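Written below as structure tokens is the structure these notes are about.
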Amino acid sequence: MGADLSEKAPAAPPSGRASSHGDSTGTPSQKLPTPKRFSADLEKADSKVILPKTPTDEDPYKHLPEREAEILRNQVVTLEVKVGINTLYRYASRNDLVIMAVAALAAIASGAALPLMTIIFGNLQGTFQGYFQQQITYDDFLGELSTLVLYFVYLAIGEFVCTYVATVGFIYTGEHVSAKIREHYLESCMKQNIGFFDKLGAGEVTTRITADTNLIQEGISEKVSLTLAAVATFVTAFIIAFISFWKLALILLSTVVALMLCMGGGSTFIVKYSKQNVAAYAEGGSVAEEVVSSVRNAIAFGTQDRLAKQYDVHLTRAEFFGFKLKSTLGVMIACMMLILYLNYGLAFWMGSRFLVDGEVALSKVLIVMMAVMLGAFNLGNVAPNMQAFITALGAAAKIYSTIDRNSPIDPSSDEGVKIENVQGAIRLENIKHIYPSRPEVVVMEDVSLEIPAGKVTALVGASGSGKSTIVGLVERFYSPIEGTVYLDGVDISTLNLHWLRQQISLVSQEPTLFSTTIYENIRHGLIGTKWEKESEEKQKELIYEAAKKANAHNFVSELPEGYETNVGERGFLLSGGQKQRIAIARAIVSDPKILLLDEATSALDTKSEGVVQAALEAASEGRTTITIAHRLSTIKDAHNIVVMAQGRIVEQGSHDELLEKRGAYFNLVTAQAIAAVNEMTTEEEEAINQEEEQLLIRKASIQKERQPDSGRASAAFAEDPDDDIAAKLARSTTQKSASSMALAGRKTEVPKKYKLGTLIKLIASFNKQEWKIMVLGLFFSILCGLGNPTQAVFFAKLISVMSVPLNSETIPTIQSETSFWCLMYLMLAFVQFISFTCNGILFGKCSERLIHRVRDRSFRTMLRQDVEFFDRDENSAGALTSFLSTETTHVAGLSGSTLGTLLMVTSTLVSACALALALGWKLALVCIATMPVVISCGFLRFWMLAHYQRRSKRAYAGSASFASEAITSIRTVASLTREDDVLQQYKDSLAAQQRESLKSVLKSSTLYAASQSLMFLAFALGFWYGGTLIAKLEYDMFQFFVVFSSVIFGAQSAGSVFSFAPDMGKATEAARTLKTLFDRKPTIDTWSAEGNKVDAVDGSIEFRDVHFRYPTRPEQPVLRGLNLTISPGQYVALVGASGCGKSTTIALLERFYDPLAGGIFIDGKEISSLNINEYRSFIALVSQEPTLYQGTIKDNILLGAPHEITDEQIIFACQEANIYEFILSLPDGFNTVVGSKGALLSGGQKQRIAIARALVRDPKILLLDEATSALDSESEHVVQAALDKAAKGRTTIAVAHRLSTIQKADIIYVFDQGRIVEQGTHSELMRKNGRYAELVNLQSLQKH
């Protein structure tokens, strides 16, 4: 009987009761067995150990017969697509390909132009040398000088044009191609069957459309042109070097090998350490996420400090790997510097030997040397950009495999029959069904069912019995494994899918509205129907008509913007019931033949439920309606009630017939019934009804007076208290309630403005202990900066030594001098190597320490905040944890290493200018004038590249959220046949974004191209002015080269240093956020030692005229003058509709918030006068969602204890919580690791551990906030028994939704709209027959 209803009940224990553990609605029948027997059973119930599933690669369907496995496989399998370059560019149009070809040529040209500079440079030196050796005249010299200088100008122009064309071309095609991929991807998603999404999860699909398409776009945009340019530079440079003088070029190839080894070796270590660092922090991050997402728990139990220590353990590990990472980076940069200077030394030394042997001129040595340097350093640019391209190919493979997938149930195809003149009779024949994502569960087994046209058929049964499956099969979201579904006698798998779904409207449990106006939302119901193309007027009429039928027209008209209210932004203005009614209007606007209601009212509280139910009854008239209900009271008028259990039909008939049978339905009804004390006579009922009508009329007329112009809803519907929006809005202007007066007195927080100095001071304070390391680091930074000017002196010396005319007297001097200066290069190389290494390591240490301390302090400060802080939207768990992981690392951008970088740049520039001015002030001044240009070029280059990446991410955020909204609610989209509509909107938004971004790219690329080309103009100016000075013999070659190379190359290196500098902008932002966080002092401060001491608590509680509103929703009064008294040791229950202030009462008792007016007293003392931590130590809270943290069961239980406790106390608490036996049955006992958020335990097991944790405190006051509402009935019994045990001898306050759980309470308080309307024991209140009795009757269901 009852036993076959249950999904997972054991055989009924020999205790004389039917075990009706329905999933959602069971309570034991009235004859309870002896308590002893009961508890023994409970020990064993809900003790199945959940094993973590190990992912296996084998076929999940192999246990099924081949034909069935094939059907399921078709619904989920996606073939992998191999992606080559051709596939990546599959959607490129002919224009795209032409643009790309041109851009590629431009990129190659821009790369090849750089090494040409070395030829000009070398030839200029040759010209100078010839003039000094009197081989050419003054006029020839000037002529040749101006020709070569002009070449520089031409190069600059060419470079500008080529870079511009290449950048714009590739970014444009990258956007275009990736937009095409995005479109095709969304289109393909819209075609897929629902099983595909069950397997993937909507989350993954949205990640692909956002993150993966961004990766593709990054890989095929400006990175391609950078790669091409870098390769071109490398190739051209070596061609030039080998043509100029192959022997030297061959020798210098060694530097390329050395650089590759240095970069390759360095980057493998960097990748390794960065993985370890990320992994170490990820563990810490998940601790933080667990804590922040359940912060009320941490606050209630006062565990902030212990949790922060746990977090700190992970931070210490992360710091260790982070330090390794930063040091490796430092050593790698040092190696590059070493190779750079050694290369100069080698080139001049070998060059001088070839020179002396008369094999080569000095100008050629210079050309080879500079070309090799250029080529080698550009090769370093290829790897990271190639990496981006490879990543793009990887991302594309995932996306293309979806695009190319053939959907077995494709709504976009035109195949299939359409029935003329549908009646709407549905028949299921021998259906067997298995969900593709859960192949081990057979959901329906051999079900046959007639659903007559135009009648209401109701499906009831425990959850998991296959009710919703019928809806999914009728909508053809899935294909059954066996059997057929017929519509008007035609097999629906032969019908056109698009057409079929237009005949059916679905209202599901969670109403999904799209973020557009209410009008548009209802209009979605017309898509694909014969009214879609109708005039605006006709549509408006239909929409208003539907809204009236759904009982939504009135409340919508009262909204400030009426039907034009945007649901997305103003969604918070709508309650669940209101959203649900809009969804119903959307379902009936197209006048469908078939209406499917899948638990359409289960998510609502009793009050809204009545309103929505009335709307549904009106809507289902004259249509074939299939309704699924958890609350049986909603379906007693159905023509046929079908009772399902474990995927089969148990019995069917009308409400009265089924009650006569006294079968499964009867059991379900009694399970939902509650000990009703008295039956009402018809006369009594009549009197009460009249009284209520009077009240309603009076209420309506009062509202009319206050709001004369709004027409009220037709009398047929019950009122939804949320609906009176005009009143909501009007009230604030006229009558002021006590709480709104108090709120007006509260000041809002104003974000402070901080000066940069304050922020730097804050950051410096974190590194105070490392000041010695910092000073040392800064010293090495200065040394690093001095390398460049020193190098300039050596360079100029060598050139002037080697340009002496060769004869037997000069050769020995040349040889000894060059050897000396080349050895000086060797020395400089090692000095620089040591300086850069020390600099990197010292600052690495400091910045890792800094990040560690900032994270630790931020986390502790977060936990210090009051609950109000976490209620705000901007402080969601996700936002705060990402703040801890990312923002804190940005802060390092204001720390010592940045200071070091700035010192390095400053010392380079200052020493370079000083040197230049000392040796030749005229040329020095001209060169210094170009400095800003050269430096800004270096800086702009890196800044622009970063800018491109940021821009592409930002641009697509809007359309991505639109697409992900559509995919997350794919069932709604499918049942409304909105696929084409969604696609069209998506395409439009992409096109708009492309136009926008093209404009911005055209602008920003000029900057990038300028940064590449202006260098040449600075060279040209320097050489031209220097040349004229040399021509007048004012300067010799040494002076010219020292001045020129120290200033120009110094500025160049200063500009490129910025590439290593972290982002300053982000750093100041992050520091500002931190400062704001640290300065925020919460009203209820757990760090403060203020307040009176609390030594003992009796547990008498009193609320005196308490008014309260949530700080984040001040327009919504929650408690309005609440008065409550609770004596010590009482078991008190709070009941009422949702949103009436029950849970708020608990939150106020825990002092998560302070009331706006009135006071809460414990033992006659007001709680705000007590020390907060001591006060909370006497209270324990068990909430709806049990919170467990990573770690063992024992750790989790210990978190409840305010001080050290013995093992006996732990065991005692566990026995009290009915969980001790279960823990012992686990292989590791108390040391079993619970997994993240307790994922390895069932809901009931978690809840009982949470109860044990509450009992370990030995609290005087126990607060239960809907502690069993999230459980199925079987676990509910067990947990309920544990709670009843726990409540003995303590003051207990329980909030309950299921009234069956609190019948035994000493006193029950009934809340309504923030006041108490009734109080008494269960039987007293039933006799009163007031609000409580009404709630009881709504939850029960009696034969009518």
Side-chain angles (χ1 to χ4, degrees), residues 121-122 125 129 248 251-252 254-255 258-259 262 333-356 360 362-363 365-370 372-373 376-377 779-804 806 810-839 904 907-920 924 1036-1050 1052-1054:
F121 198 90
Q125 190 276 328
Q129 195 175 345
L248 187 57
I251 291 171
L252 293 185
S254 60
T255 58
L259 259 183
C262 157
I333 294 173
C335 280
M336 282 158 68
M337 290 298 162
L338 175 77
I339 293 167
L340 175 78
Y341 290 126
L342 288 179
N343 179 56
Y344 276 125
L346 178 65
F348 277 121
W349 187 61
M350 283 312 300
S352 72
R353 297 179 60 169
F354 288 130
L355 184 86
V356 170
V360 67
L362 175 59
S363 59
V365 174
L366 282 181
I367 291 176
V368 173
M369 180 178 77
M370 294 179 73
V372 169
M373 290 301 305
F377 273 97
F779 167 69
F780 280 116
S781 291
I782 295 174
L783 282 188
C784 296
L786 294 176
N788 231 316
T790 320
Q791 192 274 123
V793 176
F794 297 171
F795 185 75
K797 264 290 181 222
L798 279 162
I799 287 183
S800 60
V801 166
M802 289 164 74
S803 53
V804 181
L806 287 180
T810 53
I811 285 178
T813 356
I814 293 179
Q815 281 175 326
S816 67
E817 291 262 307
T818 42
S819 298
F820 173 73
W821 289 114
C822 289
L823 283 172
M824 292 307 284
Y825 259 123
L826 181 70
M827 179 216 63
L828 179 65
F830 282 106
V831 169
Q832 288 294 296
F833 176 72
I834 293 168
S835 304
F836 271 97
T837 307
C838 292
N839 184 37
M904 201 185 296
S907 68
T908 300
L909 297 180
V910 170
S911 53
C913 294
L915 179 67
L917 288 167
L919 283 176
D1036 59 15
M1037 212 124 123
F1038 173 68
Q1039 275 173 303
F1040 170 77
F1041 275 105
V1042 167
V1043 173
F1044 180 81
S1045 59
S1046 74
V1047 176
I1048 301 274
F1049 291 157
Q1052 233 181 325
S1053 80

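Position 1 is the first residue of the sequence, and the numbers go up from there. Nothing here was measured: the structure is a model prediction, and the numbers come from that model.
- Leu248 places none of its side-chain heavy atoms less than 4.5 Å from the side chain of Val372.
- Between Phe1044 and Phe1049, the two ring planes are perpendicular [angle over 60°; tilted spans 30° to 60°].
- Side-chain contact between Leu828 and Phe794 is present, with at least one heavy-atom pair separated by less than 4.5 Å.
- Of all non-hydrogen atoms in Val1043 and Ala916, the two that sit nearest each other are CG2-O, 3.7 Å.
- Here the straight-line distance linking atom CE of Met350 with atom CZ of Phe354 works out to 4.0 Å at 0.5 Å rounding.
- Inter-residue side-chain proximity for Val365 and Val360 is flagged as met; some heavy-atom pair is nearer than 4.5 Å.
- Among all heavy-atom pairs drawn from Ser803 and Met1037, the shortest one is OG-CE, 3.4 Å.
- Under a 3.5 Å cut-off, the side chain of Gln1039 and the backbone N or O of Gly920 do not form any donor-acceptor pair.
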>> For a side-chain contact (heavy atoms from CB on, under 4.5 Å) check, start with the C-alpha distance between Leu823 and Trp349, then their side-chain angles and the critical distance, and finish with the verdict.
In response: CA-CA 9 Å; Leu823 283 172; Trp349 187 61; over 6 Å; no
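- Here the shortest heavy-atom pairing between Ala912 and Pro789 reads N-CG, 3.8 Å.
- Interatomic distance, Ile799 CD1 to Ser1045 OG, rounded to the nearest 0.5 Å: 7.5 Å.
- Under the 4.5 Å side-chain criterion, counting only non-hydrogen atoms from C-beta, Leu338 is not in contact with Phe836.
- Summarising the geometry, atom CZ belonging to Phe780 is positioned 6.0 Å from atom OG belonging to Ser835; distances are rounded to the nearest 0.5 Å.
- Without hydrogens or angle criteria, Ser800 side chain to Phe1038 main chain gives no donor-acceptor distance under 3.5 Å.
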>> Does Ile251 form a side-chain contact (heavy atoms from CB on, under 4.5 Å) with Leu346? I'd like the steps, not just the answer.
In response: CA-CA 9 Å; Ile251 291 171; Leu346 178 65; 4.2 Å; yes
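- Atom CE of Met369 sits about 8.5 Å away from atom CG of Leu798, to the nearest 0.5 Å.
- The SG atom of Cys822 sits 14.0 Å away from the NZ atom of Lys797 when rounded to the nearest 0.5 Å.
- If you check the side chains of Ser781 and Asn839, you find a donor sitting under 3.5 Å from an acceptor.
- Residues Ser254 and Asn343 form no side-chain contact, since every pair of their non-hydrogen atoms from C-beta on lies 4.5 Å or further apart.
- Residues Leu342 and Thr255 form no side-chain contact, since every pair of their non-hydrogen atoms from C-beta on lies 4.5 Å or further apart.
- Pairs passing the side-chain hydrogen bond (donor to acceptor under 3.5 Å, both in side chains) check and including a residue from residues 817-833, sequence neighbours excluded, read Gln791-Tyr825.
- The two residues Gly122 and Ser363 make their nearest non-hydrogen contact at O-CB, 3.0 Å.
- The shortest non-hydrogen separation linking Gly785 to Thr908 is O-OG1, 2.9 Å.
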> Which is it for Phe833 and Met337 under the side-chain contact (heavy atoms from CB on, under 4.5 Å) test, yes or no, and what are the steps along the way?
Replying inline: CA-CA 6 Å; Phe833 176 72; Met337 290 298 162; over 6 Å; no
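- For the pair Cys262/Met336, a side-chain contact is recorded, criterion being any heavy-atom separation below 4.5 Å from C-beta on.
- Nearest heavy-atom pair across Thr810 and Thr813 is O-OG1, 2.9 Å.
- Residues passing the ring-ring contact (aromatic ring centres under 6.0 Å, His included) test with Phe348 are Phe795, sequence neighbours excluded.
- Remark: Ile782 CD1 to Met904 CE distance equals 10.5 Å, nearest 0.5 Å.
- Leu806 has its side chain within reach of Ile814: a pair of non-hydrogen atoms, C-beta onward, lies under 4.5 Å apart.
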